[in-house]
Amino acid sequence: MHCNQLFKTTRDIGTSACGRHLKTCKGKARLDEMVSQMSSGMSKADVSLKDWRFNQEAAYLELVKFIAMHELPFSLVEYPKFRSFVDTINPWFKHVSRTTIRSYCIDSYEEARANLRKLLNKSKSRISLTADMWTSNQTLGYLCVTAHYIDDEWELYKRIIKFTLVESPHDGRTMFNALLRTLQDWNIESNVFAITLDNAFVNDNFSKTLQENLVDKGQLPRKGKLFHCRCAAHVLNLIVQEGFKSISSATKNIRDSVKYVKSSQARKQRFEEIVEQVGISPGKRPPLDVVTRWNSTFLMLETALKYRKVYEALKQGDPQYLHEPSTKDWKVAKKLCNMLQPFYEATKIVSGSKYPTSSRYFHMLWVVKRELDKQSSIGDPVITTMVHGMREKMNTYWDLSYLKICIPVILDPRFKMRFLEFRLNQWFEEEAFRYSSKVEKTFRKLFAEYSAEISDPFLEKAHMVDEKVDENNPWADWGQHQSAQQMSKTNELDKYLEEETMSVGVELDILQYWKMHSGTYPTLARMARDILAVPASTVASESAFSSAERTVSDYRSRLKSETIEALICFQDWLRSEDSTHDHIAGNIAGDELDCI
């Protein structure tokens, strides 16, 4: 352990030579001195090093985690200064090559993958997925698949299970084959509930093919009617973009002004001088938006409004500045920010990953709907034109997705079916029954499917009533009918729906509610575990692309696709080990909007 010197031992010689060597071994002396120095520098509250033992394999594992977590190159282990740094900390650490540390990384990934696969296979709840495509700097397409599920302790988890290179063309058939292989590799093909995708046309074809495949195998509840969910964040983006089509000129001068200032160092310096002269407190400067992402346009307008006086002063001292927004432009920007604020907040909420989002989507759409009604009633012709297009787009996606949006609301004990009917009547008036009846019918059929999988004491009693009918009694059939009617009113679902709703003012952890009531409503609890695990947006998969950009950078373009997948997945699983990333609360906890 200390100097790697070997001693011959026999019955005659024994181990006395080894014992004598330990007294003079320089390697042992250096180790004893290091431990002594470390111990002397520790406070009484620190852990004692008396029983400390250096473990080379454990050190390699921690190094692998360090590299994967922080997206570092494997060649780090060959950097001279890294090696001298490690030598200073522990001279007994045996340095390895980049090839060896890569092998350790792949082995660690494979071990973690096997453990996660075993966990998913044992899961009593169904698994929902998010999937999205990403194109690297080398124009290679990668498919990221994330699994979402609720465990036996009613905690919500998400894990990236695939980050794979997809061959071109990236059409529906290619995507279908890639995802089906993923489900089969992880042995979860029969345990999938839903998949959330963005609104790309190819995803419609891909999800339809996958749905048909799983339905033919009898592996989806309700024949897949709840299978394909459209990303809420992308739907909100499309709604706002539809409105922007009619007012693109209103934001042009502000966008050009921001771009003008950012186009040279001299202009930035002049801008900062004016900021100081005007007396605006330090803060974030107006960011240049990405035209296809409305939330970036909202943030640009919101920030630029705070610097209106600066842009006005810039015009006086810079004859080349020709993009000064007019008074009308600033007024329109202010109105847009007021109108888009609810959209921005709604997008943040449905893009969360640390709480169930499917049960919040409906409420966020209602907030957006009310804002559109409010803006429409103001009478501003510019805003009215904008709102008209947004409403049409919103209604289009509502008809495509209302079942997936409404059904989770029933599982919230503060709302249930009565609240849903109330809101739909406010929203659609005479058309409301068409939606509410379809939602309730689908929910009851789904409940019947789940009930068939487990014994329902109420259904068993109803069946016993059928068996005890006296054929010699002319009134027996009437009595049996009355008993069946009464029994149907007291089954698990009706009991839940007729029970008083909780106060909407109560801050509710919906997962803990169903954990506590799983004994009272066992079938509904199973449904809740599956439905509440469905993510409302694809942000969980999209957020992986930030790590992918750093992992598959121009400087690491030679990495094999298998290595890239190992690094991306392993990093995600390591982060999930941290309770701050993985311990899921039912309450909204201010998730940041990673990607929209």
Side-chain angles (χ1 to χ4, degrees), residues 135 137 233-234 236-345 347-348 371-372 374-376 378-390 392-393 549 593 595-596:
T135 303
N137 291 345
H234 282 265
L236 291 172
N237 180 53
L238 292 172
I239 292 172
V240 177
Q241 291 294 347
E242 188 66 26
F244 275 162
K245 288 179 181 179
S246 61
I247 60 156
S248 57
S249 60
T251 59
K252 182 178 185 301
N253 283 335
I254 295 178
R255 179 180 296 110
D256 289 343
S257 294
V258 174
K259 187 184 299 184
Y260 178 81
V261 171
K262 289 181 173 293
S263 62
S264 77
Q265 184 64 30
R267 292 169 184 170
K268 289 180 183 178
Q269 291 175 358
R270 176 59 181 156
F271 188 83
E272 293 301 324
E273 290 172 2
I274 299 175
V275 168
E276 188 174 346
Q277 293 170 7
V278 173
I280 297 178
S281 58
K284 185 178 181 181
R285 301 296 183 252
L288 185 62
D289 69 334
V290 179
V291 180
T292 56
R293 298 194 174 190
W294 76 268
N295 56 314
S296 67
T297 304
F298 166 75
L299 292 173
M300 179 187 72
L301 296 176
E302 184 183 51
T303 311
L305 282 165
K306 300 175 183 177
Y307 292 87
R308 178 176 175 176
K309 292 183 179 179
V310 179
Y311 287 111
E312 291 172 347
L314 183 63
K315 173 63 177 175
Q316 299 174 5
D318 188 349
Q320 293 182 331
Y321 175 46
L322 306 175
H323 314 288
E324 181 189 6
S326 64
T327 302
K328 181 181 178 181
D329 290 337
W330 289 117
K331 287 182 178 179
V332 171
K334 181 66 174 177
K335 291 177 181 178
L336 284 176
C337 287
N338 291 337
M339 185 179 73
L340 296 179
Q341 184 67 43
F343 281 85
Y344 185 71
E345 296 300 325
T347 302
K348 287 201 296 183
E371 183 61 30
L372 292 180
K374 174 185 173 183
Q375 294 296 333
S376 180
I378 293 176
D380 185 298
V382 175
I383 299 299
T384 300
T385 302
M386 182 178 180
V387 167
H388 177 73
M390 295 170 74
E392 287 189 347
K393 182 66 71 172
E549 287 176 355
L593 187 58
C595 300
I596 298 301

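Quick note: residue numbers are just sequence positions, from 1. Being a predicted model, the structure only gives us computed values, none of them experimental.
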A.B. asks: Hey, is the main chain of L340 close enough, under 3.5 Å, to the side chain of E371 for a donor-acceptor pair?
C.D. replies: no
A.B. asks: What are the two closest non-hydrogen atoms of L305 and K334, and how far apart are they?
C.D. replies: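 Looking at all heavy atoms of both residues, the closest pair is CD1-CA, 3.9 Å.
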A.B. asks: Can you measure from OG1 (T327) to CZ (R308) and round to the nearest 0.5 angstrom?
C.D. replies: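 With rounding to 0.5 Å, OG1 (T327) is 5.5 Å from CZ (R308).
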A.B. asks: Are any of the side-chain heavy atoms of T347 and N295 separated by less than 4.5 Å?
C.D. replies: no
A.B. asks: Using modelled atom types only, decide if a donor and an acceptor are shared between the side chain of S257 and the backbone of H323 within a distance under 3.5 Å.
C.D. replies: yes
A.B. asks: Would you compute the distance between atom OG of S264 and atom CZ of R270 and round it to the nearest 0.5 angstrom?
C.D. replies: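 Between S264 OG and R270 CZ, I get 12.5 Å after rounding to 0.5 Å.
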A.B. asks: Tell me whether R285 contacts the main-chain N or O of G283 through its side chain, where contact means a donor paired with an acceptor under 3.5 Å.
C.D. replies: yes
A.B. asks: Check whether any side-chain heavy atom of E273 lies under 4.5 Å from a side-chain heavy atom of E276, and answer yes or no.
C.D. replies: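 Side-chain contact under 4.5 Å: no.
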A.B. asks: After noting the C-alpha distance and the side-chain angles of E345 and K348, does the key distance pass the salt bridge (charged side-chain N to carboxylate O under 4.0 Å, His left out) rule?
C.D. replies: CA-CA 5 Å; E345 296 300 325; K348 287 201 296 183; 3.7 Å; yes
A.B. asks: Which word best sums up how the rings of W294 and F343 line up, parallel for under 30°, tilted for 30 to 60°, or perpendicular for over 60°?
C.D. replies: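 If you compare the ring of W294 with that of F343, the planes turn out perpendicular.
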A.B. asks: Against P325, only a single residue in D256, V332, N253 fulfils side chain to side chain contact (heavy atoms under 4.5 Å, CB included); can you say which?
C.D. replies: N253
A.B. asks: What are the two closest non-hydrogen atoms of V387 and S376, and how far apart are they?
C.D. replies: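 Taking V387 first and S376 second, the nearest heavy atoms are CG1-CB, 4.1 Å.
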A.B. asks: Report yes if the side chains of F271 and K268 come closer than 4.5 Å at any heavy-atom pair, otherwise no.
C.D. replies: no
A.B. asks: Please check this pair: side chain of K315 against backbone of Y321, looking for a donor-acceptor N/O pair closer than 3.5 Å.
C.D. replies: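 Yes, the answer is positive, given that a donor and an acceptor are paired below the 3.5 Å cut-off.
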A.B. asks: With rounding to the nearest 0.5 angstrom, report the CG to CG distance, D289 to L301.
C.D. replies: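 Going from the CG atom of D289 to the CG atom of L301 covers 7.5 Å.
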A.B. asks: Drop me the distance from M386's CE to E242's CD, to the nearest 0.5 angstrom.
C.D. replies: 10.5 Å
A.B. asks: To the nearest 0.5 Å, how far apart are CG in L372 and CD1 in I239?
C.D. replies: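 Between atom CG of L372 and atom CD1 of I239 there are 7.5 Å.
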A.B. asks: I want to check something: taking the side chain as every heavy atom from C-beta on, are V261 and L314 in contact at a cut-off of under 4.5 Å?
C.D. replies: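 SC-SC contact between V261 and L314 confirmed.
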